[in-house]
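This report concerns only the one structure given below.
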2 protein chains.
Amino acid sequence: MGQNVVIVEDELLIRKQLETILRKLGYEVLCSFQNSDEFLDRLPDLKPDIILFDINIKGSQSGIQLAQIVRDQYRIPFVFITSYTDRDTINAAKVTMPNGYVIKPFDEKDIMMIMEIALYNAASFQEESILNKQRIEKKLNISLTEREYITLSDLSQGLANSQIAAKQYVSINTVKTHLRNLYAKVGVRDRVNLVKKVLQ
Amino acid sequence: MGQNVVIVEDELLIRKQLETILRKLGYEVLCSFQNSDEFLDRLPDLKPDIILFDINIKGSQSGIQLAQIVRDQYRIPFVFITSYTDRDTINAAKVTMPNGYVIKPFDEKDIMMIMEIALYNAASFQEESILNKQRIEKKLNISLTEREYITLSDLSQGLANSQIAAKQYVSINTVKTHLRNLYAKVGVRDRVNLVKKVLQ
DNA sequence: TTGAATTTCATCCGATTGGATGAAGTATCC
DNA sequence: GGATACTTCATCCAATCGGATGAAATTCAA
């Protein structure tokens, strides 16, 4: 039942402090990283339930950029680490990241509560808008390819074809093909009826 | 700057305790209710920034139902109040309510943090509350009409003209006119540059 | 290595988009 | 009453959208 955690934080002292607290709270710290590039390399292998990372992390990506990658490509909930006094950064994080949370000074109870909330949110978020592949396949009695599933997920979030294409780094034509195949598999004529069927 | 709060809690002792803590934290407690019906009657008049309510509130609606009404019809962020030991209720709340949070035993710091998080979330969900009319007028050194402000708010949430029109119950032409006037006032050519200027 | 499944992209077309222009109806204040 | 600002709507147009069709490139199991 212990959740797997990954930490991205360049200050050694804080990193060690976090590890200690998290282990004490029953979380399993899979790995700690000192910069964003290393983290992005290893992330596909590690499959953390939640990520804590410094919003001012060093590396080729800013903390916000990193958060967007984690959110959009990996869909792993995360928590920002930042100092209490760093109000500008906190505000930037708030605006940019609806699902990221800010930890203030380290207190076991705070950390646990914030992480619980992040995990709650992620769970209910996935419940609502991130579709479960197996469940859909079973419900509609079809089999989805990986790309079709992702395209369907993006579509059911209300994204336009061009937005889906940008998000997946493919051309708009590719998206249209996946949609066409989805229409055929599900037996609908257009995107609206597809989403209707998927969402019951 | 103090946020307006409404409390729905049937136990007098807890209610008073909450009021004291919240006032101490700088929140303004607009009103306290003992049951859900009374609360629903008065809610349209009061315009709280956030609502705290007991998940086991008495009345014709259950706490979860009440939360759904608050979320879907009034779009006001809220926080659940429940006892630490009430694990089943907490779990039910988690599943049902993506934006509701659970307060355990009362500790000033906990309450403040949870409420801040709830408000953050609400803010990033309903970006309207982030887009403050006066602030924009001052920043861009222009004066906005009511309709222009609402249109700008909707636009900055990424809505299409047709969606804005549907939301405001006007024709798409009306929306276009407001946008045209906004472009002229702000001195931009199109919607993208408008939003860029507004969001810095 | 052959073949099927998957992923990718181009082209065509009717419908819709955002934006430009013009203008009518409605308040509101001198 | 008239001037002013605000809100509403219609029409035109180039650009883009979603969808239909066809077809390469890639992956992968038989």
Side-chain angles (χ1 to χ4, degrees), chain A residues 44 72-75 131-134 136-138 140-199, chain B residues 127-128 131 133-134 136-138 140-199:
Chain A
D72 295 336
Q73 294 180 25
Y74 295 94
R75 295 181 179 168
L131 308 168
N132 180 288
K133 189 164 179 286
Q134 279 91 350
I136 291 175
E137 288 179 323
K138 200 177 167 192
L140 300 180
N141 196 30
I142 54 174
S143 153
L144 294 176
T145 72
E146 202 54 37
R147 241 61 243 264
E148 285 168 355
Y149 161 61
I150 294 176
T151 304
L152 179 56
S153 299
D154 290 341
L155 176 67
S156 65
Q157 289 192 305
L159 296 184
N161 287 357
S162 59
Q163 292 176 306
I164 299 175
K167 193 161 167 251
Q168 295 183 14
Y169 297 103
V170 294
S171 87
I172 198 172
N173 307 295
T174 304
V175 174
K176 290 181 178 181
T177 302
H178 293 315
L179 286 179
R180 191 204 334 159
N181 293 333
L182 282 165
Y183 299 157
K185 282 185 179 178
V186 178
V188 292
R189 294 186 321 283
D190 53 37
R191 60 211 293 115
V192 175
N193 288 291
L194 178 59
V195 172
K196 267 176 66 180
K197 279 230 175 184
V198 167
L199 301 181
Chain B
E127 238 129 327
E128 301 145 319
L131 226 56
K133 188 165 179 287
Q134 280 91 349
I136 290 175
E137 289 179 322
K138 199 177 166 193
L140 300 180
N141 196 31
I142 54 174
S143 153
L144 294 176
T145 72
E146 203 54 37
R147 242 60 242 264
E148 285 168 356
Y149 163 62
I150 295 176
T151 304
L152 179 55
S153 298
D154 291 341
L155 176 67
S156 65
Q157 287 189 300
L159 297 184
N161 287 356
S162 59
Q163 293 175 303
I164 298 175
K167 193 163 167 243
Q168 295 184 14
Y169 298 104
V170 294
S171 87
I172 198 171
N173 307 296
T174 305
V175 174
K176 290 181 179 182
T177 302
H178 293 315
L179 286 179
R180 193 206 326 163
N181 293 333
L182 281 165
Y183 300 158
K185 281 186 180 177
V186 179
V188 293
R189 293 184 315 284
D190 52 37
R191 60 211 294 116
V192 175
N193 288 289
L194 214 205
V195 172
K196 268 176 67 180
K197 279 228 176 186
V198 168
L199 302 180

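Note on naming: letters A, B, ... go to the chains in the order of the sequence lines (proteins, then strands), and numbering restarts at 1 for each one.
For Asn173(A), the side-chain hydrogen bond (donor to acceptor under 3.5 Å, both in side chains) test picks out Ser171(A), with sequence neighbours left out.
Smallest separation of non-hydrogen atoms from Leu140(B) and Lys197(B): CD2-O, 4.0 Å. Between Arg191(B) and Leu159(B), the shortest heavy-atom contact is NH2-O, 3.4 Å. Nearest approach of Thr151(A) to Arg147(A), heavy atoms of both residues: OG1-O, 2.7 Å. Arg189(A) and Tyr183(A) make their closest contact through O-CD1, 3.9 Å (heavy atoms, listed as atom of the first residue, atom of the second, distance). When every heavy atom of Val195(A) is checked against every heavy atom of Ser156(A), the shortest pair comes out as CG2-CA, 4.1 Å.
Counting only heavy atoms from C-beta outward, the side chains of Leu182(A) and Leu144(A) approach each other to under 4.5 Å. Using a 4.5 Å heavy-atom threshold, the side chains of Lys167(A) and Ile150(A) count as separate.
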Please tabulate the protein-to-nucleotide N/O contacts below 3.5 Å involving nucleotides 26-29 of chain C, giving atom names and distances.
none

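How far NZ of Lys196(B) is from CG of Asp190(B): 9.5 Å, rounded to the nearest 0.5 Å. Taken to the nearest 0.5 Å, the CG atom of Asn181(B) stands 12.5 Å off from the CG atom of Leu152(B). How far CG of Leu179(B) is from CD1 of Ile172(B): 10.0 Å, rounded to the nearest 0.5 Å.
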Q: Could you run through nucleotides 25-30 of chain D and give me one letter per nucleotide, 5' to 3': B if any protein heavy atom sits under 4.0 Å from the base, S if only the sugar-phosphate is that close, - if neither?
A: ------

Q.
Strictly under 4.0 angstrom, non-hydrogen atoms only: write out the protein contact profile of nucleotides 6-24 of chain C, one letter per nucleotide from the 5' end, B, S or -.
A. SSBBBB-----SBBSBB--

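Axis orientation changes by 30° from one end of the helix from dT1(C)-dA30(D) to dC30(C)-dG1(D) to the other, with each end axis drawn from 5 pairs and the value rounded to 10°.
Within the structure, the salt bridge (charged side-chain N to carboxylate O under 4.0 Å, His left out) test picks out the following pairs touching residues 178-187 of chain B (sequence neighbours left out): Glu148(B)-Lys185(B).
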